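For reference, the structure discussed in these notes is given below.
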Amino acid sequence: MAASDTERAQQQIDEIEALSSIYGEDWCVVDEDEKIYCIKINDCLDQPKWTLCLQVILPPGYPTAEPPIYQLNAPWLRGQDYMELANVLEEIYVQNLGESILYLWVEKIREVLIEKAQSSDPEPDIKKTSEEVVEDDGDDFLLDYQPVQEDPIKMLNYITSESQEVDEELPFIHHGNPITDRRSTFQAHLAPVVTPRQVKRVLEQLYENKKIASATHNIYAYRIYCEDKQTFLQDCEDDGETAAGGRLLHLMQILNVHNVLVVVSRWYGGILLGPDRFKHINNCARKVLVEYNYIPSVEESSKQAGKSKKIRKDNKKRTEH
């Protein structure tokens, strides 16, 4: 007999409570409503060398009908290492269909990290992690509130020899006001774009800035309206902050903005913010969109609504007369 939604929900609750008890401070609730969780895993050394963050989203059908949606975050984990570990996790799921598997996943990942620590593998080159403690160096890392000027020589390097298109100008990049909460800082960057090529070039330009490149996460989303097909070309990137890119794109869809790229940089300050970080990401994005007139401010919307109401009243009076 298939498990009901209520039974699956209770299984999830039981598993989460058990994992929270087992892993203590290494277990983090990212978003309770969306059932997003994060587990920090290390190689069990007194001073861990190999660490990894497993982020999971529990869909309604888990554990009996759907697997967890997961993301493996570690600066050293890429390419073949990522694929091998992902395959191992998927094998565990297949071998334990219908059962709660998060504990098995965590301990398997820990086993891999311990093997790396005991082997001759070189230590990882840790530049950033999803929960890295960044030194609080005040405001000196915040970008000047001015457009970034393009470097014409570097711009030429982006031209591909296969392209038959006329080279496009690098759009001005605007930087919004930063938001700081519990030593984490968020700052939005915006650029007008009309082609995916421009999106790529803007991102390349942003990453030339050392502070942006060293951010814990650079989340982005863009929407481009294709007039010939009357459709939107859009995409997003979490950069290790699970579901953040999708939330940002959803915000842009609700606001009905187009022909724009928004990037939000987050410098992690050592204190977990939980769901508040998604609020800050979206607030940064919304404010920079307002500032550069992609959407009206609350005051302008109220004024426009007042004008519309007055026009309707005047039209009604004319009709009555």
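Note that the structure is a prediction, hence the values are computed from the model and not measured. Residue numbers count from 1 along this sequence. Only this structure's heavy atoms are used, side chains among them; waters, hydrogens and symmetry mates stay out.
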Where is the tightest heavy-atom contact between [X] and [Y], given as atom of each residue plus distance?
X      : Y      : value
Leu251 : Asn282 : CD2-O, 3.6 Å
Ile224 : Asn259 : CA-OD1, 3.6 Å
Cys236 : Gly246 : SG-N, 3.7 Å
Pro59  : Pro68  : CD-CA, 4.0 Å
Leu54  : Ile41  : CB-CD1, 4.1 Å
Val193 : Pro171 : CG1-CG, 4.4 Å

Test Val263 against Leu190 for side chain to side chain contact (heavy atoms under 4.5 Å, CB included), laying out the working first. CA-CA 6 Å; Val263 181; Leu190 175 151; over 6 Å; no
Distance check, rounded to the nearest 0.5 Å: [X] atom [atom1] versus [Y] atom [atom2]?
X      : Y      : atom1 : atom2 : value
Ile36  : Asp33  : CD1   : CG    : 9.5 Å
Glu32  : Glu34  : CD    : CD    : 11.0 Å
Leu113 : Cys44  : CG    : SG    : 8.5 Å
Ser265 : Asn209 : OG    : CG    : 8.5 Å
Asn42  : Lys49  : CG    : NZ    : 13.0 Å
Leu97  : Thr64  : CG    : OG1   : 10.5 Å

Side-chain ([X]) to main-chain ([Y]) donor-acceptor, under 3.5 angstrom:
X      : Y      : answer
Gln187 : Pro178 : no
Asn96  : Ile92  : yes
Ser20  : Ile16  : no
Trp267 : His217 : no
Arg277 : Gly274 : yes
Asp43  : Ile114 : no
His258 : Tyr225 : no
Asp26  : Ile39  : no
Gln198 : Glu169 : yes
Asn218 : Ile212 : yes

Validation row: [X], [Y] side chains within 4.5 angstrom (heavy atoms):
X      : Y      : value
Pro60  : Glu66  : yes
Tyr70  : Glu90  : yes
Asp276 : Arg182 : yes
Tyr207 : Val202 : no
Ile179 : Cys284 : yes
Pro63  : Glu99  : no
Ile109 : Val88  : no
Gln234 : Met252 : no

For [X] and [Y], which I'm curious about, is there any donor-acceptor pair between the side chains at under 3.5 Å?
X      : Y      : value
Glu84  : Gln80  : yes
Tyr62  : Glu15  : yes
Arg266 : Thr185 : no
Gln10  : Asp14  : yes

Classify the ring geometry between Tyr220 and Tyr222 as parallel (under 30°), tilted (30 to 60°) or perpendicular (over 60°). parallel
Look at the rings of His175 and His189 and say which category their plane angle falls in: under 30° parallel, 30 to 60° tilted, over 60° perpendicular. perpendicular
Using a strict threshold of under 4.0 Å (side-chain N to carboxylate O), is an ion pair present between Arg110 and Glu107? yes
Under the side chain to side chain contact (heavy atoms under 4.5 Å, CB included) rule, what do Tyr23 and Tyr103 come out as? Steps first, then yes or no, please. CA-CA 10 Å; Tyr23 296 115; Tyr103 176 79; 3.1 Å; yes
Tell me if the aromatic rings of Tyr93 and Trp105 count as close, with their centers under 6.0 Å from one another. no
Any chance you could lay out the side chain to side chain contact (heavy atoms under 4.5 Å, CB included) test for Glu111 and Val106, step after step, and finish with the verdict? CA-CA 9 Å; Glu111 179 183 319; Val106 173; over 6 Å; no
Steps toward salt bridge (charged side-chain N to carboxylate O under 4.0 Å, His left out) verdict (Asp235, Arg223): CA-CA 7 Å; Asp235 201 358; Arg223 300 187 80 217; over 6 Å; no
Side-chain heavy atoms under 4.5 angstrom apart, residues restricted to Ile, Leu, Val, Met, Phe, Trp, Tyr: same cluster for [X] and [Y]?
X      : Y      : value
Leu72  : Leu102 : yes
Leu249 : Val257 : no
Leu104 : Leu52  : yes
Val94  : Ile101 : yes
Leu45  : Leu77  : no

CG of Asp46: more than 12 outside heavy atoms within 6.0 angstrom? no
Quick one: do Gln205 and Leu170 satisfy side chain to side chain contact (heavy atoms under 4.5 Å, CB included)? Show the steps, please. CA-CA 9 Å; Gln205 182 77 0; Leu170 178 68; 3.8 Å; yes
